[in-house]
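A note on names: the letters A, B, ... follow the listed sequences, proteins ahead of strands, and every chain is numbered from 1. Computed over heavy atoms, backbone and side chain alike; hydrogens, waters and symmetry mates excluded.
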Number of protein chains: 2
Amino acid sequence: MNSSRPVTIKDIAKRFRCSPSTVSRALNDHPAINEDTRKNIQEYAKEVGYQRNEVSLSLLNKKTATLGVVVPTISNYYETAVIEGLHNVLQPMGYTLNICVTNESYLLEKEYLSKLLSNRAEGIFLSVSQETYDSGYYEHLEQVASRKTPLIFIDREYEDFETSRATVDDYHGAFAAVEHLITMGYKQIAHLKGPNGLTVSEQRFKGYKDCLIKHGMEVREELIINTNFKVESAILPTRRLLEMETPPDAIFGVNDQVAIGAMRVAKDKGLRIPQDMGLVGFDNSPISAYTFPSLTTVNRPGRKIGMEASRLFLSELNASGDYAHESIVLPSELIIRESSLRI
Amino acid sequence: MNSSRPVTIKDIAKRFRCSPSTVSRALNDHPAINEDTRKNIQEYAKEVGYQRNEVSLSLLNKKTATLGVVVPTISNYYETAVIEGLHNVLQPMGYTLNICVTNESYLLEKEYLSKLLSNRAEGIFLSVSQETYDSGYYEHLEQVASRKTPLIFIDREYEDFETSRATVDDYHGAFAAVEHLITMGYKQIAHLKGPNGLTVSEQRFKGYKDCLIKHGMEVREELIINTNFKVESAILPTRRLLEMETPPDAIFGVNDQVAIGAMRVAKDKGLRIPQDMGLVGFDNSPISAYTFPSLTTVNRPGRKIGMEASRLFLSELNASGDYAHESIVLPSELIIRESSLRI
DNA sequence: TAAATTTTTTCAAACGTTTGCATTCAATAT
DNA sequence: ATATTGAATGCAAACGTTTGAAAAAATTTA
């Protein structure tokens, strides 16, 4: 019958009739400990499965080696890629990532941040929830900042909050995507937009709009319809688009999921892609290369964003107080595939 | 200039020339504290942004309210659904989920488990990595068990390790999928298998094989090819299948990704789906409903698994030592769509 | 053999919080 | 005026570990 209570240094000390300090030193290979003592203690510790209580150490050293990662969702390829990037850099350095999913809720986001601070997380990576964004509240962020806990924005950001951030150049990615469609001769380009208010949605939308304007094309309000990033949310909007008197001959989706939803509807209508209808997505998710036809998209370097964000965190950590926040914008890259390649 | 060091109860005590106990009680609305004292202290605490140090509390109470979730990946729909399910149940109860991604590595898995124990996680949900599975090591699991830390297996499991587990009935799902293909008149059914050794791979493979046998069909070894669950990994195997003298007229993919990869290759070859080639996947990922044609698949209730696993954890927690481990097997469900519906 | 030196071990404090028990102080009852 | 009560606060220990300084034990030197 194994003991339920974890064995402590004191238990071992009692067993050897020595002081806890000796045990501690023995376990940590302190030079001032007798070789025999050390060996005996280490052996016994292993035997009984002693494992250092990191909680007490955290208290003592005021270091928890824990970082918070607060994101609205982990259901998309991109988000998981970011986490992978963070993980790749920070895990080997001994950090534990505490991943918190807000589900786009302001309340949950607030609660998580508060909890992370209470648990003395040493840094927080945050992609703000949509509700937070909409509401414009950010006292919960002030709280983090006033604690001098490094706070790194990922992707979605408050324009007017002073902190480091790592984002992808959504604007130029979208611009390039739409310009490509124009080059391919598409005349009526619709946009399946993301939720209002989010940086990613708005930046891509702006890229779309500016590109049309630059090329002297009309921005038809009715060709711009909202979605929520999910496949399903593209179905009805696309149907509506295709039933118009002057339907679009190309669709720029806010992400791959949405573009794939649109592709499905267009094919159901008997449209040939890319001949009758051009399609471009965003994200370069793994599946996009294997749809039929394959999907033209914009690459979004999620892993790199995670790695850059880690870098920002580390340099803020090493800075001595007077740290100048940094903004990293990674370029996005158009990946031309079949869905838009009209010859 | 805000202080970098978090303000403690002692700081507040000093400010009010009272003892830490008084501050503690005041903050916790202890009845034996003078109303004015209480109000003043609470006000001041709020003003200076006091936040209880949960680390010290954890040490004192030996409770961390932290649970480990150790999974090989979070890049698939299914895994994120499971996490969502765990989250939905446990977050409201005040638990923090510590999500650890092993990337299928035994070493990382071991390290994470050890770390979770050191950090005194109160329970661990584990989907073992492939390497662990292959190697057959499980001392790192014994360690968890001997600590009496509830350990719940998710999905992938060691047959011979005594603990609670929540899994999906992969076998019957696969069986139903293949039987459906047979009913539809497909004669040569190939299987794009998952990595060897993993429960999910093997169970689905077994369902496939047993179904063929039950229906008196030949199990052709050359029609069974390994993949790694990813889209890309289906491309070459499918090409190989289609170039055979007697190529298959249907493919059962170990998951949707693989089936979608196969779909792409088949369509490239000019095969019509489902007329010339039947396809079935596994997972019922969101995208599967919107491929063209839509993909017949087997639903895998990830969220439910997460919720069931939570339940298992909670009942083990509430049990007084003599807990009989439980095995939950959730049914999987065939979802018939276009890719196999040959009339 | 005593003093000097080296090796090994112990003591005590610290990290931040809670809590049973003891103490203080004022108000009330005798 | 004194005993009794009650309210409000303080003390000290505890959680598990580390670490500088002090103490003890063992060894070497003269």
Side-chain angles (χ1 to χ4, degrees), chain A residues 3-42 44-45 48-66 115 117-122 147, chain B residues 3-42 44-45 48-66 114-122 147:
Chain A
S3 72
S4 146
R5 189 177 59 83
V7 29
T8 73
I9 246 178
K10 287 186 189 173
D11 298 331
I12 301 180
K14 224 168 267 169
R15 158 76 175 65
F16 283 92
R17 286 164 214 263
C18 69
S19 73
S21 349
T22 303
V23 177
S24 171
R25 291 199 168 96
L27 292 174
N28 292 317
D29 288 324
H30 192 283
I33 291 292
N34 182 285
E35 183 60 19
D36 286 342
T37 317
R38 210 212 63 198
K39 234 170 81 184
N40 287 334
I41 290 182
Q42 288 194 354
Y44 180 75
V48 296
Y50 169 78
Q51 212 150 10
R52 182 147 109 238
N53 184 334
E54 294 289 345
V55 176
S56 77
L57 252 200
S58 293
L59 181 60
L60 186 62
N61 298 334
K62 302 178 176 215
K63 298 219 165 161
T64 55
T66 297
K115 213 164 181 176
L117 288 182
S118 277
N119 288 327
R120 300 298 187 258
E122 294 175 28
R147 266 289 191 53
Chain B
S3 72
S4 146
R5 188 178 60 83
V7 30
T8 73
I9 246 177
K10 286 186 188 173
D11 298 331
I12 300 180
K14 223 170 266 169
R15 158 77 176 65
F16 283 92
R17 290 164 211 259
C18 70
S19 74
S21 349
T22 303
V23 177
S24 170
R25 285 196 253 257
L27 292 174
N28 293 315
D29 289 324
H30 193 284
I33 290 292
N34 183 284
E35 183 61 17
D36 286 343
T37 319
R38 209 212 63 198
K39 234 170 81 185
N40 288 333
I41 290 183
Q42 289 195 352
Y44 180 75
V48 296
Y50 169 78
Q51 213 150 8
R52 185 148 106 235
N53 185 334
E54 294 289 345
V55 177
S56 76
L57 252 200
S58 292
L59 181 59
L60 187 61
N61 298 335
K62 303 177 175 214
K63 299 223 166 160
T64 56
T66 297
S114 174
K115 213 166 181 174
L116 285 170
L117 288 181
S118 278
N119 288 326
R120 299 298 186 260
E122 295 176 27
R147 266 290 192 54

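- Nucleotide dA26(D) holds its P atom 14 Å from the CG atom of Asp36(A), rounded to whole Å.
- Judged by distance alone with a 3.5 Å cut-off, no donor-acceptor contact links the side chain of Arg17(B) to the base of dG10(D).
- Checking the phosphate oxygens (OP1, OP2) of dA8(D), a side-chain nitrogen or oxygen of Asn34(B) falls inside 4.0 Å.
- Phosphate contact (OP1/OP2 of dT18(C), side-chain N/O of Ser24(B), threshold under 4.0 Å): present.
- Applying the 4.0 Å criterion to OP1 and OP2 of dT18(C), one finds that Arg52(B) has a side-chain N or O inside that range.
- The shortest distance between the side-chain N/O atoms of Thr22(B) and the OP1/OP2 oxygens of dA8(D) is not below 4.0 Å.
- Separation of atoms CG (Asn40(A)) and CG (Asn34(A)) is listed at 9.0 Å; rounding is to 0.5 Å.
- In summary, the side chains of Glu122(A) and Thr66(A) do not present any donor paired with an acceptor at a separation below 3.5 Å, with no hydrogens or angles considered.
- An OP1 or OP2 oxygen of dT18(D) is reached within less than 4.0 angstrom by no side-chain nitrogen or oxygen of Ser21(A).
- The nearest whole Å value for the distance from the CD atom in Glu35(A) to the P atom in dA26(D) is 18 Å.
- For the pair Asn119(B) (side chain) and Lys115(B) (backbone), a donor-acceptor distance under 3.5 Å is present.
- The distance between atom CD1 of Ile12(B) and atom P of dT17(C), rounded to the nearest whole Å, is 8 Å.
- Counting non-hydrogen atoms under 4.0 angstrom, Asn28(A) reaches the backbone sugars and phosphates but no base.
- Applying the 3.5 Å distance criterion, the base of dG10(D) shares a donor-acceptor pair with the side chain of Arg25(B).
- For the pair Lys10(B) and dA14(C), the criterion of a side-chain N or O lying under 4.0 Å from OP1 or OP2 is not met.
- Considering only side-chain N and O atoms, Ser58(B) lies nowhere under 4.0 angstrom from the phosphate OP1 or OP2 of dC15(D).
- Note on Ile9(A): only backbone sugar-phosphate atoms sit closer than 4.0 angstrom, heavy atoms only; bases stay farther off.
- Arg120(B) has its CZ atom 8 Å from the P atom of dG16(D), to the nearest Å.
- At a threshold of 4.0 angstrom between heavy atoms, the contacts of Tyr50(B) are confined to the sugar-phosphate backbone, with no base atom among them.
- Side-chain proximity of Ser19(B) to dG10(D), dA14(C), dT9(C): nearest is dG10(D).
- Between Tyr50(B) and Tyr44(B), the distance from one ring center to the other does not fall under 6.0 angstrom.
- Taking side-chain N and O atoms only, Lys62(B) has a distance below 4.0 Å to OP1 or OP2 of dG16(D).
- Across the protein-nucleic acid pair, Arg38(A) atom CZ and dT7(C) atom P stand 17 Å apart, rounded to whole Å.
- The phosphate of dT17(C) has neither OP1 nor OP2 within less than 4.0 Å of any side-chain N or O from Ser56(B).
- Rounded to an integer number of Å, the gap from Asn61(A) CG to dT19(D) P is 7 Å.
- Ranking dG10(D), dT18(C), dT17(D) by closeness to the Cys18(B) side chain, first place goes to dG10(D).
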Report task. Please lay out, stage by stage, how Arg120(A) and Lys63(A) fare under the test side-chain contact (heavy atoms from CB on, under 4.5 Å). Result -> CA-CA 8 Å; Arg120(A) 300 298 187 258; Lys63(A) 298 219 165 161; over 6 Å; no
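- Partner Ser24(A) forms a side chain to side chain contact (heavy atoms under 4.5 Å, CB included) with one of Ile33(A), Ile41(A), Ile9(A) and no other, that one being Ile9(A).
- Separating the CZ atom of Arg5(A) from the C1' atom of dG16(D) is a distance of 11 Å, rounded to the nearest angstrom.
- Rounding to whole angstrom units, CG of residue Leu57(B) and C1' of dC15(C) are separated by 13 Å.
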